[in-house]
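The structure presented is a predicted model; accordingly, all values stated were derived computationally and were not measured. Order of appearance sets the numbers: ligands from 1, and atoms from 1 within every ligand. The figures that follow rest on heavy atoms only: side chains count, while hydrogens, waters and symmetry mates do not.
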Amino acid sequence: MSTNKKSPVSRSGRFAGGPAAEVAQFTESISFDWRLWKHDILGSLAHAAMLKKIGVLTRAEHIAITRGLNKIGLEIRAGKFKWKPELEDVHMNIEAELTRRVPAGAKLHTARSRNDQVALDVRLWLRDEIKMLLKEIADLQRALVALGEKNADVIIPGYTHLQRAQPVYLAHHLLAYVEMLERDCERLWDCHSRVNVCPLGSGAIAGSTLPLDRRLVAKLLNFVNDAGEVQLTQNSMDAVSDRDFAVEFAAAAALLAVHISRLAEDVIIWVSAEFNYLKIADAYTTGSSLMPQKKNPDIAELARGKTGCVVGNLMALLTLLKGLPMTYNRDLQEDKERIFDTADTVRATTRLMAAMLNNTKVNKSACAAAASDPALLATDLADYLVRKGMAFRPAHHVVGAVVALAEKTGKPLNQLTLAELQGVNPTFGHDALSVFNLKTAMAKRNLTGAPGTKEVAKQLARWREQLS
Ligand code: ARG
């Protein structure tokens with residue numbers, strides 16, 4: 001049997017020669033899937049151990065393969081391994097080099113296809129990636145809690161429709177993001193449970209006629225759930241073409257990015273001269289090439305902007321899978337750059353947002369000035385009338401009329417006289433104006449989840465404890 005030297009091992013025998021240069025260039029994936037090298041080697045080590053156990057490899061062959069793979073791993077880590085584009089992908093590069101060095105390497109691909117191999121590698125890679133991302137998210141949550149604790153007494157206007165609504169503690173606003181991020185963690189961890197299933201042994205599509213020990217491979221690679229049960233894919237056709245886990249990751253990551261983009265937007269608004277609530281340390285801002293006075297919140301802007309790519313990656317993956325006939329199709333090779341990009345982007349964004357917040361100071365006087373707007377307590381004034389026995393609808397109407405009167409007379413709401421208030425409605429008593437004491441107003445909001453003084457302190461303590 002003659003094999004063309006330039007032909008990858010996947011073409012030997014069947015093909016007269018290697019692919020045309022432009023075909024090789026179009027179909028290669030080594031330029032991006034080299035990143036799977038560590039997990040590819042881990043998978044091969046487990047597969048080799050199993051092949052030894054079922055008698056396909058001798059003890060000596062197993063030792064030689066293990067040594068060879070570990071050595072290749074060290075060389076890749078050190079940047080000394082030469083990737084060959086003509087060998088298409090990471091799987092073929094490593095296997096070909098192993099076989100060149102260790103003849104028994106030719107047995108490594110027994111009962112294995114690149115179809116189940118790549119599914120395994122991506123699952124192993126994503127498993128690690130999710131764990132690293134969860135740590136970054138926890139750091140961002142800690143940064144938000146720390147900023148809230150450092151400014152526990154700061155009150156700001158809360159907004160709906162980007163119009164001043166009601167006063168809230170700054171910490172309450174920041175903890176809203178901690179809650180969102182916690183749900184992101186839950187979704188990622190839930191996704192992890194479906195990533196954490198071993199597809200190896202599915203072969204190209206139909207398993208193998210050889211007596212593989214799939215459980216052993218799965219145990220060696222720690223595909224075990226919280227209850228200690230080994231997790232194996234249950235349908236070989238599904239296993240080689242399933243990328244649901246990648247879509248789930250991309251979706252959870254997209255929602256995380258969307259949450260961070262909202263936080264980014266708040267920061268961008270708050271550092272504007274008009275708000276001036278926050279000051280980001282110089283090291284975490286950038287300047288303008290033209291306007292010498294500028295200090296821009298570029299981390300937050302890029303966090304907001306990169307969300308577009310992360311959402312796009314989710315769309316790309318869904319579109320890639322739509323209508324794909326069973327089972328593995330080469331289209332699936334296109335999943336990797338999308339998954340890599342999503343993972344890299346959300347991890348960096350999460351980390352940089354945390355670093356930025358850890359280097360941000362709150363301008364307490366600007367916050368106090370904004371929060372002193374008495375109109376923020378108009379609803380409290382309606383609640384006052386409710387306490388006096390008035391139904392809420394008429395109370396809402398009366399306070400609306402009071403607001404209109406304040407506007408007409410050019411006075412802040414809390415500067416109206418008792419006589420003026422009673423002129424609108426006689427239910428107002430001498431204690432009506434005490435509603436505008438911000439401190440007591442905040443003390444009254446003690447429902448679970450409300451921005452009351454005690455409740456916010458309780459929530460800060462809960463998160464501090466939960467994140468420690
Ligand atoms: N590079 C391929 C991918 O990422 C590996 C699997 C190739 N399988 C095949 N039958 N050509 O999907």
Proximal ligand 1 atoms for V118, defined as those under 4.0 Å from one of its heavy atoms
4 (O)
With atoms numbered from 1 as shown, which atoms in ligand 1 lie under 4.0 angstrom from a non-hydrogen atom of D89?
1 (N), 2 (C), 5 (C)
Closest protein heavy atom (residue, atom, distance) for atom 11 (N) of ligand 1
R114 NH2, 3.6 Å
With a sphere of 6.0 Å drawn around CZ of R330, does it hold more than 12 non-hydrogen atoms of other residues, nucleotides or ligands?
yes
Report, in ascending order of atom number, the atoms of ligand 1 lying under 4.0 Å from any heavy atom of S29.
1 (N)
Is it true that, when you exclude R462 itself, more than 12 heavy atoms of the residues, nucleotides or ligands shown sit nearer than 6.0 Å to its CZ?
yes
Ranked by distance from atom 6 (C) of ligand 1, the top protein heavy atom is Y328 OH, 3.4 Å
Can you name the atoms of ligand 1, numbered from 1 with element, that are less than 4.0 Å from a heavy atom of N115?
8 (N), 9 (C), 10 (N)
Counting only nitrogen or oxygen atoms and a 3.5 angstrom limit, does Q333 reach ligand 1?
yes
Got a sec: does the NZ of K84 have more than 12 other heavy atoms crowding it under 6.0 Å?
no
Aromatic ring pairing W34/W83, orientation class (parallel under 30°, perpendicular over 60°, tilted between):
tilted
Quick check on K336: does its NZ atom have over 12 non-hydrogen neighbours (other residues, nucleotides or ligands) under 6.0 Å away?
yes
Taking atom types as modelled, find out whether H109 and R112 have a side-chain donor-acceptor pair closer than 3.5 angstrom.
yes
Counting heavy atoms only, which part of K336 comes closer than 4.0 Å to ligand 1: side chain, backbone, both or neither?
side chain
